[in-house]
Amino acid sequence: MSPLVYGLLFVVVAPLFGGLLAGVDRIVSARMQGRVGPPLLQPFYDVGKLFEKETRQVNPVVEPLLLGHLGFMAAAGALVLGGTDLIFIAFVFALAALCLVLAAGSVNSPYSFAGAERELVVLLASEPFFILMLAAICKVTGESTFQGVLASPVLVALQLPGVLLAFLFVATIKLRKSPFDISTSHHPHQELVNGLTSDMSGRLLGYVELAHWYESALLCVFVLLFFNWSVTLGLLAFAIAYGLEVLVDNSTSRAKWQLVLRSTWTVTLLFTGGNVLALFLLAR
Amino acid sequence: MSHVSLFKRSPWILHYDGSSCNGCDIEVLACLTPLYDVERLGVVNTGNPKHADILLVTGSVNERNIEIIQNLHRQMPDPKVVVAVGACACSGGIFARAYNIQGGIDHVIPVDVYVPGCAARPESIIDGVVQGIAALELKHKRSA
Ligand code: SF4
């Protein structure tokens, strides 16, 4: 199959994958708390309902921006599988996140605005890592596309164990898991109401959920890059990593933004920087 | 044409505490604990009126919270229903004749389901929410 077909396939399959993942997440979380939890398809019911509910437009720019958020997020994944240069993806990914920040920042709600500010901090913390990560993967494999990396004889995870560890850390931010869910969260009773999504109702919130499903699928694709020898191995690694994220989510409380920024940069520098430096010195 | 809506599978709740004694609030929260676990029904306890389908109010209306209750109700997108939980929310209850109490929640916003009890038991609160879901479906169908 041509890469283009894979790209289109991502657009169709990723929401199903992300939605099911969210369903499993909610059941596992509930079981960890001694509850039964919702049905597996609950996230689909929720999003379906959001599209049935009345949508209140706070201003005319929120909807286009959120559609941009959704579109760029889907495009980022489609471009990876479509065989685009991996470094380019980091920027599309960041653009998607930026659309969400702009949408949340354009409304009057102080909660939404505070959420947007925090999301910017979170972006500032995580973006350098993603660029470094993709650059390091391209460097060790000598390839610049998804298909190239998968075909490479080098097992990326063995070459970049530090980067993989840092990825686990930064993924907590992207998956909006505690202690890094500072900009928005699914849990009630928090200081920010719902942060970023406070002022979004009906289908607007539906777009954000859908985009989040694409994002989860994209993170899974990133894990596949690390375990490029076999897709099954990659999916297994993603399942283990996601399980760890849920465990951390349920056993920690929210951190302050200073801690998020500092710890993420420290981890990025120590593990990613250290890993790349070690490879460079060994290669000499 | 029979229209299958997803409201009955995904009712999101906003809980507001008027002037309750906190007895009913504790019972509402008990619904979320492992024993009752309303998340089984797809219920999410959201803290945001703009995301909520059901406004669950405990306690009665007083001079100070009239505006807040009306505001929360206005901020909820349609379709929406109101469930009054406990004697206080239904009629003012034991505090009905206190100098600051105006009466039940229906004093300021239309109430769809009344859940009796002082405090209302978790079973009856869940029953009230389920009846609220039916009302939600009805409103959705009417507007569709
Ligand atoms: S109904 Fe009874 S338990 Fe509930 S808030 Fe009123 S006094 Fe408290």
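Note: hydrogens, waters and symmetry copies are ignored here, and every other heavy atom, side chains too, is used. Everything numeric in this text was worked out from a predicted model, so none of it was measured.
Neither the backbone nor the side chain of A:I27 has a heavy atom closer than 4.5 Å to any heavy atom of chain B.
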- Run the numbers on A:L50 and B:H51 for side-chain contact (heavy atoms from CB on, under 4.5 Å), then give the verdict. CA-CA 9 Å; A:L50 286 172; B:H51 295 181; over 6 Å; no
- Message: For A:R56 and B:K50: C-alpha separation, side-chain torsions, deciding distance, then whether side-chain contact (heavy atoms from CB on, under 4.5 Å) applies.
- Response: CA-CA 9 Å; A:R56 297 221 177 129; B:K50 287 171 185 172; over 6 Å; no
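Distance OH/A:Y111 to CG/B:N48: 10.0 Å, rounded to 0.5 Å. Atom CG of A:L205 sits about 9.0 Å away from atom OG1 of B:T46, to the nearest 0.5 Å.
A:F72 CZ: 12 or fewer foreign heavy atoms inside a 6.0 Å radius. Within a 6.0 Å sphere centred on OH of B:Y36, other residues, nucleotides and ligands contribute more than 12 heavy atoms. Remark: B:I94 CD1 is loosely packed, at most 12 non-hydrogen atoms of other residues, nucleotides or ligands lying under 6.0 Å away.
Ion pairing between a basic and an acidic side chain is recognised when a charged N comes within 4.0 Å of a carboxylate O; A:D46 and B:R9 show no such pairing. The pair A:R26-B:E39 meets the salt-bridge criterion, since a charged nitrogen lies less than 4.0 angstrom from a carboxylate oxygen.
Nearest heavy atom pair, residue B:P34 against residue A:G34, reads CB-O, 3.2 Å. Closest approach of A:K49 to B:D53, counting heavy atoms only: NZ-OD2, 2.7 Å.
Side-chain N or O atoms of B:D37 include one that pairs as donor or acceptor with a backbone N or O of A:V36 at under 3.5 Å.
Counting only heavy atoms from C-beta outward, the side chains of B:R40 and A:P38 never approach each other to under 4.5 Å.
With a 6.0 Å cutoff to the six-membered ring centre and a 45° limit on the axis angle, A:K53 does not count as a cation-pi contact of B:W12.
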